[in-house]
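Structure first, then comments.
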Amino acid sequence: MRIPILASLLALSGSLCCGQSLVSADSASGPTSEPKKPISFDLSAIDKTADPCTNFYQYACGNWVKNNPIPSDQVRWGRFNEVADRNNYLLYNELMSAADAPKTPLQKKYGDYFAACMNVDLVDKLGAKPIEPELATIDNWKDRGSFAALDLQLTREYGDAKLFSVAVEQDEKDSSQQILGSGQGGLTLPDRDYYLNDDARSEKLRQQYLVHLKKMFVLLGDTEERAATEAASVMRIETALAKGSMSRVDQRDPAKTYHVMTVADLDALTPAFDWHSYLDGLGLYGDGPGKTKSLDIESPGYIKAVNEELTNETPEALKSYLRWQVLHKWARTLSKPYREENFDFFSATLYGQKEDQPRWKQCTALTDRALGEAVGQDWVQQNFPPDAKANMEKLVAALEKALSEDIASLPWMSDATKKEAEAKLAAFRQKIGYPEKWRDYSSLAVKRDDFLGNSERTVIFATKRNLAKLGKPVDEKEWGMTPPTVNAYYNPPQNDINFPAGILQPPFYSNAMDPAVNFGGIGVVIGHEMTHGFDDQGAKYDLHGNVRTWFTPEDLTKFQAKTGCIADEYSGFKVAEGQNLNGKLTLGENTADNGGLRIAFQALQETIAADPDKALGGYTTDKPSTAEKDGYTPAQRFFIGFGQVWCQNQTEQVARVLAKTDPHSSGEWRTNGSVQNFDEFGKAFGCKVGQPMMPTNSCRVW
Ligand SMILES: [Zn+2]
């Protein structure tokens with residue numbers, strides 16, 4: 001499916017594979033204890049045997065890393081997970097009471113959704129029955145020429161197109177318009193590289209994937225022989241689609257992903273798929289409101305690969321592929337044998353997860369994903385203090401001022417480009433906490449005894465809701481994350497920064513903490529999101545959210561050299577044996593980390609200067625810049641507060657998958673990469689030029 005453009009603070013929770021993996025045998029029991037509340041500035045996390053000038057991450061996080069091994073139902077464990085785990089626990093309590101004794105119709109709806117998910121006895125009794133109607137529709141398909149008709153039926157009845165996505169999106173060149181787009185998709189493994197690389201590790205994983213495919217088909221009732229043939233067909237088709245797919249690095253470039261084509265031209269390009277009748281069947285083809293005769297194709301190469309597969313593969317092989325797509329998509333909602341086999345390959349083999357998450361965690365996360373703005377209404381009332389929003393607005397204003405000063409002082413940028421950058425910054429919009437207007441779920445039917453049906457109806461609801469946007473004005477108040485989410489994002493076509501309620505708590509923010517620690521935490525997060533507007537991707541959009549080059553040609557050349565420095569630097573950072581980060585894939589996030597740290601530090605200096613008494617939360621008055629608390633100056637507390645947001649452990653398997661797929665660097669490099677490019681860090685800790693955290697060849701963009 002088309003990768004969402006949101007430049008988030010970390011990988012969206014659903015995309016880190018196993019978060020929603022499968023459901024455990026130990027399904028009926030709830031949480032055993034309340035997770036402890038994470039704290040800001042954790043002295044016990046610091047490894048004082050480490051030299052902050054040699055490896056700052058080890059210094060700030062060493063003891064945390066040692067004392068917080070990855071829980072057996074996780075593949076990655078860091079400060080974000082601590083907060084999310086607690087949010088999930090609070091949400092679970094809310095869902096339980098809504099399931100038992102709902103007080104409002106909305107509580108009844110999400111309580112029933114949660115209860116249906118928790119009813120594992122019924123789920124296990126049903127086996128694969130809930131997906132039989134969709135599989136029967138696929139089995140009955142005979143005519144190669146009518147693939148679009150089959151896909152139309154599957155889209156209408158089950159929610160989404162196969163092989164590629166069709167969705168309404170903001171027009172990249174005219175952000176006031178919403179147009180229809182189609183993105184590449186169709187692969188099951190995490191990236192096209194998994195099908196195409198010929199190293200021993202990739203070869204072995206493909207063999208394991210084939211075994212998994214075969215086992216899943218056998219579970220459906222196919223003979224061993226037929227299952228083997230089907231598995232081979234799936235692998236062959238997915239490999240061909242992988243060859244036609246655009247790389248993740250290219251997908252970050254709006255110039256490479258924008259191809260508006262008429263439906264007539266598209267039909268000529270892909271004779272095996274009748275776009276005209278497909279869109280007509282969805283009520284989208286034509287002139288007038290809510291209709292169109294053109295599409296923005298993300299990857300024409302991929303569309304051609306689809307056409308070749310539809311032309312060259314037999315209907316039997318295509319049916320195997322479609323059966324697999326259905327089976328895989330719903331495996332986690334089927335009975336235990338499917339869940340266990342799915343876990344063995346996708347969670348254990350691919351990501352190194354030891355055991356699956358308890359069912360309550362899965363059902364809580366699934367309910368939040370399906371009905372987040374229903375659940376979130378009650379959640380924010382309980383968990384989002386009224387003054388948090390006003391405090392955040394103050395911090396955002398301080399960061400905006402610092403970024404404006406940073407732009408004005410950049411030695412390499414001409415006044416003409418600075419003017420454009422300032423205008424873009426001034427046009428930033430912000431959303432904090434939760435939506436002003438909540439989503440209307442009244443047309444989504446939820447049944448207490450139909451877990452898979454609820455899941456399907458949720459997909460259909462989301463698809464219909466999205467397609468209904470065609471030709472309508474953009475809703476600038478809409479959110480791309482639910483309120484309890486521990487994350488934040490910048491959205492280039494809307495030029496807005498967004499901070500869900502879930503992240504506005506320790507270790508990111510605490511009323512009890514001194515400004516240094518809060519600026520090192522949530523301050524850097526805000527600065528990170530703002531800098532996304534000016535990273536290698538965000539800078540391609542202007543103040544209105546339109547793709548337009550607003551740099552002068554000379555400044556653009558200098559900008560590309562500066563971002564190139566960051567890309568080369570991070571490509572040198574190792575995450576596992578023989579596996580480095582991809583500096584081009586992570587360039588936007590690394591640029592945002594570096595800029596965010598710099599402007600948050602600047603904003604802290606100004607805050608301290610304006611009110612020295614508060615420099616360390618009232619602990620000192622005479623020399624705020626050198627006074628200490630817990631043995632650290634405000635500058636040191638800022639950097640430690642920042643580093644401790646990124647303390648984490650992850651399995652080696654996850655480190656390898658994320659190096660190929662995640663635009664974010666690992667916690668270690670988000671910390672060390674950022675501080676070694678910022679000489680204020682070296683000064684704060686008395687480092688000498690030439691030490692690892694104060695190199696002579698550091699990079700700077702903003
Ligand atoms: Zn980001």
Side-chain angles (χ1 to χ4, degrees), residues 3-16 76 78-81 83-84 248-249 251-254 392 395-396 399-400 403 424-425 428-432 479-481 485-500 502-504 508-509 520-541 545 563 566-567 569-570 573 581-600 642-643 645-646 648 658-659 661-675 677-678 699 701-702:
I3 291 179
I5 197 160
L6 306 183
S8 59
L9 184 65
L10 71 165
L12 295 166
S13 46
S15 59
L16 181 58
R76 188 180 219 194
R79 307 306 304 284
F80 283 80
N81 303 93
V83 185
R248 282 176 193 269
V249 169
Q251 281 178 282
R252 294 188 63 249
D253 186 348
M392 268 300 278
L395 285 163
V396 169
L399 266 294
E400 276 180 351
L403 179 51
K424 180 165 186 182
L425 173 60
F428 269 8
R429 284 192 312 269
Q430 53 182 287
K431 297 205 289 276
I432 295 167
W479 279 72
M481 288 178 181
T485 305
V486 189
N487 208 336
Y489 67 93
Y490 169 77
N491 186 4
Q494 296 211 21
N495 196 28
D496 66 352
I497 47 177
N498 304 267
F499 307 96
I503 197 171
L504 305 178
F508 306 97
Y509 178 78
I522 198 75
V524 178
V525 171
I526 298 167
H528 171 103
E529 299 309 337
M530 287 181 177
T531 309
H532 267 316
F534 302 95
D535 70 27
D536 67 305
Q537 184 182 41
K540 289 177 174 149
Y541 298 75
T563 52
I566 300 249
E569 180 185 32
Y570 280 75
F573 295 155
L581 288 173
N582 177 342
K584 284 190 176 144
L585 177 64
T586 56
L587 179 53
E589 296 300 334
N590 299 329
T591 304
D593 279 346
N594 279 260
L597 186 70
R598 187 176 288 271
I599 62 170
F642 160 69
V645 159
W646 296 113
Q648 73 178 199
L658 296 186
T661 58
D662 189 352
H664 306 84
S665 301
S666 61
E668 176 185 4
W669 296 116
R670 294 188 78 155
T671 307
N672 283 352
S674 303
V675 301
N677 284 328
F678 189 24
C699 304
V701 183
W702 295 98

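Order of appearance sets the numbers: ligands from 1, and atoms from 1 within every ligand. Heavy atoms only: backbone and side chains are in, while hydrogens, waters and symmetry mates are out. Heads up: numbering here begins at 1 and tracks the sequence.
- Among residues at least two apart or in separate chains, salt bridge (charged side-chain N to carboxylate O under 4.0 Å, His left out) pairs with a member in residues 590-599 are D593-R670.
- Listed by chain and number, the protein N, O or S atoms at a distance under 2.8 Å from the Zn ion (ligand 1) are S8 O, H528 NE2, H532 NE2, E589 OE1.
- Closest approach of S665 to T586, counting heavy atoms only: OG-CB, 3.8 Å.
- In plain terms, the two heavy atoms of M530 and V396 that are nearest each other are CE-O, 3.5 Å.
- More than 12 heavy atoms of other residues, nucleotides or ligands lie within 6.0 Å of NZ in K540, so this atom counts as buried by the packing criterion.
- Closest non-hydrogen pair, F534 versus W702, comes out as O-NE1, 2.6 Å.
- Smallest separation of non-hydrogen atoms from Y570 and S674: OH-N, 3.5 Å.
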